[in-house]
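The structure appears below as structure tokens.
Computed from heavy atoms alone, side chains included, the values below leave out hydrogens, waters and symmetry copies. Treat the numbers as computed from the prediction; the structure is a model and nothing was measured. Letters go in sequence order (proteins before strands), and every chain restarts at 1.
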Amino acid sequence: MAIALIDANNFYVSCERVFRPDLEGRPVVVLSNNDGCVVARSAEVKALGIAIGTPWFQLQKQAQQEGIIAMSSNYALYADMSNRMMRILSTFSPIQEVYSIDECFLDLRGFAPAHLSRIGQAARLKIRQWLGLPVGVGIAATKTLAKLANHVAKKYPEYQGVCNWESLNTQTRQTLLQNLPVSEVWGVGRRLTEKLASQGIQSVWDLQQTHPVWMRQHFNILMARTIRELQGESCIALTEIAPTKQEIQSSRSFGRPVTRIEDLAEAINVYTVRATQKLRQQESICGAVRIDIRTTPFRPDKPQYHASQTVALAIPSQDTRILIKAALSGLRHIYRPQFAYAKAGVHLTEIRSVHQQQRDLFAAEALDIRSDQLMKTLDAIHTRFGHNALQPGVAGLQGQRDWSMKRGNKSPSYTTCWSDLARARS
DNA sequence: TCTGGGGTCCTAGGACCC
DNA sequence: TCTGGGGTCCTAGGACCC
């Protein structure tokens, strides 16, 4: 068994640099929606000790002193670069699992062990040459070890971006594991790190030496699985076909606090439109919609309110109009006028395949067909003219939505929009 | 003044049933 | 004196991932 994990270094920052070579070697961050907090950092920024998730406004002064360049996130660009990267990597193995926007697993079973590192180097070089993105490669017998090897490949320059765990000798492995904190392990987050520390488990080595059955009792089944994976026993299979989502959400923080129900209704509309598009894309229907609204948790001195409401549908549906109606009834139920809302969201749940749809005994079949056709037309228009091309009347006009998010420094959509196409500089 | 968004899985506890 | 046991289903909350 040999699994490779390939992922891009500082993916969002690297995407920006492909089209802005002048950003190379300079400290660059990419910000979340609303230019809220740091979601990607260049190596130069990491070296300054700036943590992921730091609110941008707290960094302004330091940014000025250090010359940090901040970009708003440009998801159209990152998604397109991701697709290109995945397509290139898919040529290295018949079995690929796209795990996130910037990383995938490849099944390298069947390749001679002696060739694995070279395959890793070839993949790395190709992504660099064809796309301009730097990537790291980890190869091992299990996914968890491949993730760890990938980390090693990036951390230690002598590996030149590729670490084949299986080719390392016992002593090297032990030294590496002893030097890696347990928090580097896939599946071990902040809370588990604390709990493990209280048991005297600090390094990955410490964790690997524990007994999975004992740990199953004191933690949970996921922990036992992680330990087995660290010990070289593959427990997490590669999933080639992305399973359909069991929950779909669309939520956003507002560009400014919102108090009027009309504005909230506009936002709920827009989010429901987005969520139902995703729902139809995976050929699903949903049985319930939940909406939630909240004030900012970062101002405890102000009145706080957080409420959510689930509205069950009489018949599972994928019709935007039906879902909007349900969502708005939920909103009216939980809305309180005295608060300043910072965020709203729409969640679709009880999702199942459209092919398992239960028909309404009393509804005319013709109505269903018309709904299907309307939704297909809507999706076609959105594909062609962008997802804001058509909105239900209640969603308000885009230019007038003053609650929309802020994106002060977004790069052009170089690869997905004709008018933004990158031009050669003269 | 200003703090992201979208997912998955597991567990505990309550309701309910026989 | 002594008040069962086991199963299923659902939901909320927590932990994790990128």
Exercise. Of all the base pairs, Watson-Crick or G-U under 3.5 Å, which form stems of three or more consecutive pairs involving DNA chain C?
Worked result: B:5-18 with C:5-18
Exercise. Ignoring hydrogens and geometry, is there a side-chain-to-backbone donor-acceptor pair from Gln231(A) to Thr210(A) under 3.5 Å?
Worked result: yes
Exercise. So what does Lys278(A) hit on the nucleic acid, given a heavy-atom distance under 4.0 Å: a base, only sugar-phosphate, or nothing?
Worked result: sugar-phosphate
For this session: Take the angle between the ring planes of Tyr99(A) and Phe105(A) and call it parallel below 30°, perpendicular above 60°, tilted in between.
Result: perpendicular
Exercise. Looking for any heavy atom pair under 4.0 Å, which part of the strands does Ser250(A) touch: base, sugar-phosphate only, or nothing?
Worked result: sugar-phosphate
For this session: From the options dC10(B), dG5(B), dG6(B), select the nucleotide whose nearest atom is closest to the side chain of Gln249(A).
Result: dG6(B)
Exercise. Less than 4.0 Å between a side-chain N and a carboxylate O, is that true for Asp319(A) and Lys325(A)?
Worked result: no
Exercise. Can you check side-chain hydrogen bond (donor to acceptor under 3.5 Å, both in side chains) on Ser93(A) and Asp107(A), steps first, answer last?
Worked result: CA-CA 6 Å; Ser93(A) 163; Asp107(A) 186 343; 5.7 Å; no
Exercise. Whole Å only: how far is the CD1 atom of Ile248(A) from the P atom of dG7(B)?
Worked result: 6 Å
Problem set entry | C1'-based separation of dG4(B) from dC17(C) [nearest Å] | 15 Å
Exercise. With a 4.0 Å cut-off, would you call Glu44(A) and Arg17(A) a salt bridge?
Worked result: yes
Exercise. Going by distance alone, is a donor N or O of one side chain under 3.5 Å from an acceptor N or O of the other, for Asn74(A) and Ser72(A)?
Worked result: no
For this session: Report the nucleotide, chosen from dC2(B), dG6(B), dC10(B), that has the shortest atom-to-atom distance to any side-chain atom of Ile221(A).
Result: dC10(B)
Exercise. Aromatic rings Tyr78(A) and Tyr12(A): how do their planes relate, parallel, tilted or perpendicular, breaks at 30° and 60°?
Worked result: parallel
Seminar exercise, completed: Rounded to whole Å, CZ of Arg299(A) lies from P of dT1(B) at a distance of 6 Å
Exercise. Any side-chain heavy atom of Leu348(A) sitting closer than 4.5 Å to one from Val346(A)?
Worked result: yes
Exercise. Can a donor-acceptor pair be found between the side chains of Thr415(A) and Asp80(A) at a distance below 3.5 Å?
Worked result: yes
Exercise. For every nucleotide of nucleotides 11-18 of chain C, 5' to 3': is a protein heavy atom under 4.0 Å from its base (B), only from its sugar-phosphate (S), or from neither (-)?
Worked result: ----SSSS
For this session: Would you mind reading off the distance between Asp301(A) atom CG and dT1(B) atom P, rounded to a whole angstrom?
Result: 10 Å
For this session: Return the value, rounded to whole Å, for the distance between atom NZ of Lys343(A) and atom P of dG5(B).
Result: 5 Å
For this session: Return yes when atom CD of Gln338(A) has more than 12 non-hydrogen atoms of other residues, nucleotides or ligands closer than 6.0 Å, and no otherwise.
Result: yes
Problem set entry | Flag, side chain of Glu229(A) to backbone of Ile236(A), donor-acceptor distance under 3.5 Å | yes
Seminar exercise, completed: Assign each of Thr244(A) and Phe254(A) the nucleotide of DNA chain B bearing its closest heavy atom; nearer the 5' end lies the nucleotide of Phe254(A)
Exercise. For the pair made of CG in Asn34(A) and P in dG6(B), what is the distance, rounded to whole Å?
Worked result: 12 Å
Problem set entry | Within residues 60-84 of chain A: residues closer than 4.0 Å to DNA chain B (heavy atoms) | none
For this session: Would you mind reading off the distance between His347(A) atom NE2 and dG7(B) atom P, rounded to a whole angstrom?
Result: 10 Å
Exercise. Whole-Å distance between dT8(B) C1' and Gln282(A) CD?
Worked result: 14 Å
Seminar exercise, completed: Judged by nearest nucleotide, the residue sitting upstream toward the 5' end of DNA chain B, Arg225(A) or Gly36(A), is Gly36(A)
For this session: Verify the distance criterion only: is there a donor paired with an acceptor across the side chains of Thr320(A) and Arg280(A) at less than 3.5 Å?
Result: yes
Exercise. Can you check the Ile52(A) CD1 to dG5(B) P distance for me, whole Å?
Worked result: 15 Å
Problem set entry | Phosphate OP1/OP2 of dG6(B) contacted by Ser251(A) side-chain N/O (<4.0 Å) | yes
